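Data first, discussion second: the structure below is written as structure tokens.
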Protein chains: 2
Amino acid sequence: MNLSPLNERFVLHFGEMGSRWGVNRTVGQIYALLFISPKPLNADDIVEQLGMSRSNVSMGMKELQSWRLVKLVHLPGDRRDYFEAPKDVWDIFRTLAEEKRRREIAPTLTLLRDALLETPANEEERHAQARMREMHELIEMSNSWFDEIHRLSPETLEGLMKLGAKVQKVLGFADKLRGKDE
Amino acid sequence: MNLSPLNERFVLHFGEMGSRWGVNRTVGQIYALLFISPKPLNADDIVEQLGMSRSNVSMGMKELQSWRLVKLVHLPGDRRDYFEAPKDVWDIFRTLAEEKRRREIAPTLTLLRDALLETPANEEERHAQARMREMHELIEMSNSWFDEIHRLSPETLEGLMKLGAKVQKVLGFADKLRGKDE
DNA sequence: TTGTAATTTCAATAATTATTGAAAATTCTA
DNA sequence: TAGAATTTTCAATAATTATTGAAATTACAA
């Protein structure tokens with residue numbers, strides 16, 4: 001691996017964490033490399049810096065693009081594909097949340113919706129359906145909460161988060177609002 | 001599989017989703033079964049209902065306990081271990097968020113903290129460190145936001161979420177607060 | 001077009017992870 | 001404590017996923 005020590009450590013860490021995040025080691029490494037790179041890189045740059053096969057990089061880029069974590073760019077007078085990681089960390093955060101919802105939550109929501117439409121055949125199913133209803137409500141609610149958050153601009157969102165210790169106060173206000181409007 | 005059709009569908013779905021959620025199929029199935037079960041189950045109940053090996057169930061239970069998604073209970077006059085899934089979906093939600101943070105985020109936070117203490121050796125490292133600083137700030141901020149949320153009771157949290165479309169209004173208030181207090 | 005550069009696909013295989021039955025260990029009871 | 005019930009561990013193997021080099025495809029330039 002052709003990187004200065006600090007950067008290598010970062011890249012290797014992302015490789016190791018990859019499996020916990022649901023991507024393989026090479027995908028984690030490629031993303032880490034692009035994240036800290038000051039300029040877009042082409043596939044051969046990545047092959048050289050990380051010492052993996054060209055085909056592995058090709059597959060890794062496809063995966064990262066499917067997560068919308070990298071974007072394809074072109075340099076004038078160079079026909080090769082270059083890749084870069086979006087810069088704004090808040091935007092990355094939102095993109096990730098969206099993709100995770102789509103892949104990890106949406107299919108279950110669909111299943112729950114279908115299951116709740118059915119007429120339970122016996123007591124066993126009646127009870128199970130009641131539990132599914134609770135799960136369904138939680139997911140629906142988290143989703144609409146997330147939708148709201150998602151509409152905010154990065155700056156606003158950052159402001160809201162920085163609020164930190166004041167959530168309790170906001171909540172007090174929220175309670176009043178709720179009382180008034182519902 | 002020894003389950004009525006609706007319940008079987010739910011259990012199989014959780015098995016399939018398991019791989020996206022970072023657990024194996026059997027762990028997903030076991031959790032689903034416990035989630036909809038009206039009463040605690042012992043290992044042999046699970047073996048019988050899901051048709052997997054006894055040792056698989058034993059390992060699965062260990063995994064689920066490490067996630068704090070099931071708890072061990074005992075029935076009077078029966079020495080076997082029984083397991084049940086906690087009932088309150090909000091509580092499950094928080095537990096999961098906590099465990100995910102511990103496993104998927106905390107190690108990276110540690111790495112970033114360490115990396116930011118080092119003196120960059122060259123321009124390459126200086127730029128990388130600046131990017132790491134952005135990531136570090138985002139994570140720290142999300143963490144303290146989550147800590148705040150975490151202190152709320154399930155009822156309060158549910159109330160806050162139900163607020164839904166009113167987040168914008170809350171945010172307006174939050175902005176005022178921020179102006180006043182900082 | 002034709003040839004070349006660049007990228008993707010694919011089938012082989014390497015590596016990892018899941019599952020199992022049998023054996024070992026543990027826990028209780030008589 | 002001895003024996004039975006219960007749970008866990010472990011090593012074998014089944015299944016899945018990752019990685020690669022080579023071949024095929026695509027995109028461009030002369």
Side-chain angles (χ1 to χ4, degrees), chain A residues 1 11-12 14-34 40-67 69-84 103-104, chain B residues 1 11-12 14-34 40-67 69-84 103-104:
Chain A
M1 195 167 292
V11 166
L12 291 177
F14 268 58
E16 296 313 316
M17 292 303 287
S19 57
R20 300 198 198 182
W21 298 333
V23 297
N24 65 38
R25 180 173 46 229
T26 59
V27 169
Q29 289 184 358
I30 295 170
Y31 181 71
L33 180 63
L34 288 172
L41 302 177
N42 65 44
D44 287 323
D45 293 337
I46 295 169
V47 165
E48 194 200 344
Q49 298 215 52
L50 301 182
M52 57 184 64
S53 75
R54 182 64 184 73
S55 50
N56 216 349
V57 171
S58 176
M59 284 170 162
M61 297 317 309
K62 225 172 63 174
E63 171 87 358
L64 285 170
Q65 282 177 285
S66 84
W67 281 95
L69 282 173
V70 301
K71 70 171 192 258
L72 180 60
V73 297
H74 284 102
L75 304 189
D78 186 339
R79 46 190 276 219
R80 288 172 295 179
D81 291 345
Y82 282 76
F83 299 93
E84 67 182 3
R103 295 163 191 235
E104 299 177 5
Chain B
M1 197 168 289
V11 165
L12 290 177
F14 269 57
E16 295 314 316
M17 292 302 287
S19 57
R20 300 198 198 182
W21 299 333
V23 298
N24 64 38
R25 180 172 48 227
T26 58
V27 169
Q29 290 184 357
I30 295 171
Y31 181 71
L33 179 63
L34 288 172
L41 302 177
N42 66 42
D44 287 322
D45 293 339
I46 296 169
V47 165
E48 193 200 345
Q49 299 216 49
L50 301 182
M52 56 185 64
S53 74
R54 183 64 184 72
S55 50
N56 217 349
V57 171
S58 177
M59 283 169 161
M61 298 317 307
K62 226 172 63 174
E63 170 87 358
L64 285 170
Q65 282 178 286
S66 84
W67 281 95
L69 282 174
V70 301
K71 70 170 192 258
L72 180 61
V73 296
H74 283 102
L75 304 189
D78 187 338
R79 46 188 278 217
R80 287 171 297 179
D81 290 345
Y82 282 76
F83 299 94
E84 67 181 4
R103 296 164 190 234
E104 299 177 5

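Numbers restart at 1 for each chain; the letters A, B, ... are given by sequence-line order, proteins then strands. Because the structure is a prediction, the values reported are computed rather than measured.
Atom pair A/Glu63:CD and D/dT17:P shows a separation of 12 Å (rounding to whole Å applied). Here C/dT17 presents its P atom at 19 Å from CZ of B/Arg20, a figure rounded to the nearest Å. A/Leu75 has its CG atom 13 Å from the P atom of C/dA6, to the nearest Å. The distance between atom CZ of A/Arg54 and atom P of C/dT8, rounded to the nearest whole Å, is 7 Å. We find that CH2 of B/Trp21 is positioned 21 Å from P of C/dT17, with the value rounded to whole Å. For the pair B/Ile46 CD1 and C/dT19 P, the interatomic distance rounds to 15 Å; values are reported in whole Å. Protein atom CG of A/Asn42 is 15 Å distant from nucleotide atom P of C/dA5, rounded to whole Å. With rounding to whole Å, B/Leu72 atom CG is found 12 Å from C/dT27 atom P.
Closest-nucleotide positions on DNA chain C for A/Ser55 and A/Arg79 were compared, and the one nearer the 5' end corresponds to A/Arg79. Annotation: of the two residues near DNA chain C, B/Thr26 and A/Arg80, the 5′-most nearest-nucleotide partner is A/Arg80. When each of A/Val27 and B/Asp78 is assigned the nucleotide of DNA chain D with its nearest heavy atom, B/Asp78 is the one assigned upstream, toward the 5' end.
Using a 4.0 Å cut-off, some side-chain N or O of A/Lys62 falls inside it from OP1 or OP2 of C/dT9. Look at A/Asn56 and you won't find any side-chain N or O under 4.0 angstrom from OP1 or OP2 of D/dA18. Side-chain nitrogen and oxygen atoms of A/Asn24 include at least one within less than 4.0 Å of the OP1 or OP2 phosphate oxygen of D/dT19. Side-chain N/O atoms of B/Ser58 include one lying less than 4.0 angstrom from OP1 or OP2 on D/dT8. Dashed line: the shortest gap from a side-chain N or O of B/Arg25 to OP1 or OP2 of C/dT19 is under 4.0 Å.
Inter-residue side-chain proximity for A/Leu12 and A/Met1 is flagged as met; some heavy-atom pair is nearer than 4.5 Å. You'll find the side chain of B/Glu84 stays beyond 4.5 Å of the side chain of B/Leu34, heavy atoms only. Side-chain contact between A/Leu72 and A/Phe83 is present, with heavy atoms from C-beta onward closer than 4.5 Å.
Counting non-hydrogen atoms under 4.0 angstrom, A/Met59 reaches a base of the nucleic acid. Here B/Asp81 lies in heavy-atom contact (under 4.0 Å) with sugar-phosphate atoms only.
Shown here is A/Arg103, whose CZ atom has more than 12 heavy atoms of other residues, nucleotides or ligands within 6.0 Å.
Taking only side-chain atoms of B/Ala43, from C-beta outward, the nucleotide of D/dT20, C/dT19, D/dT7 with the closest atom is D/dT7.
The two residues B/Asp78 and B/Tyr82 have their closest heavy-atom pair at OD2-OH, 2.7 Å.
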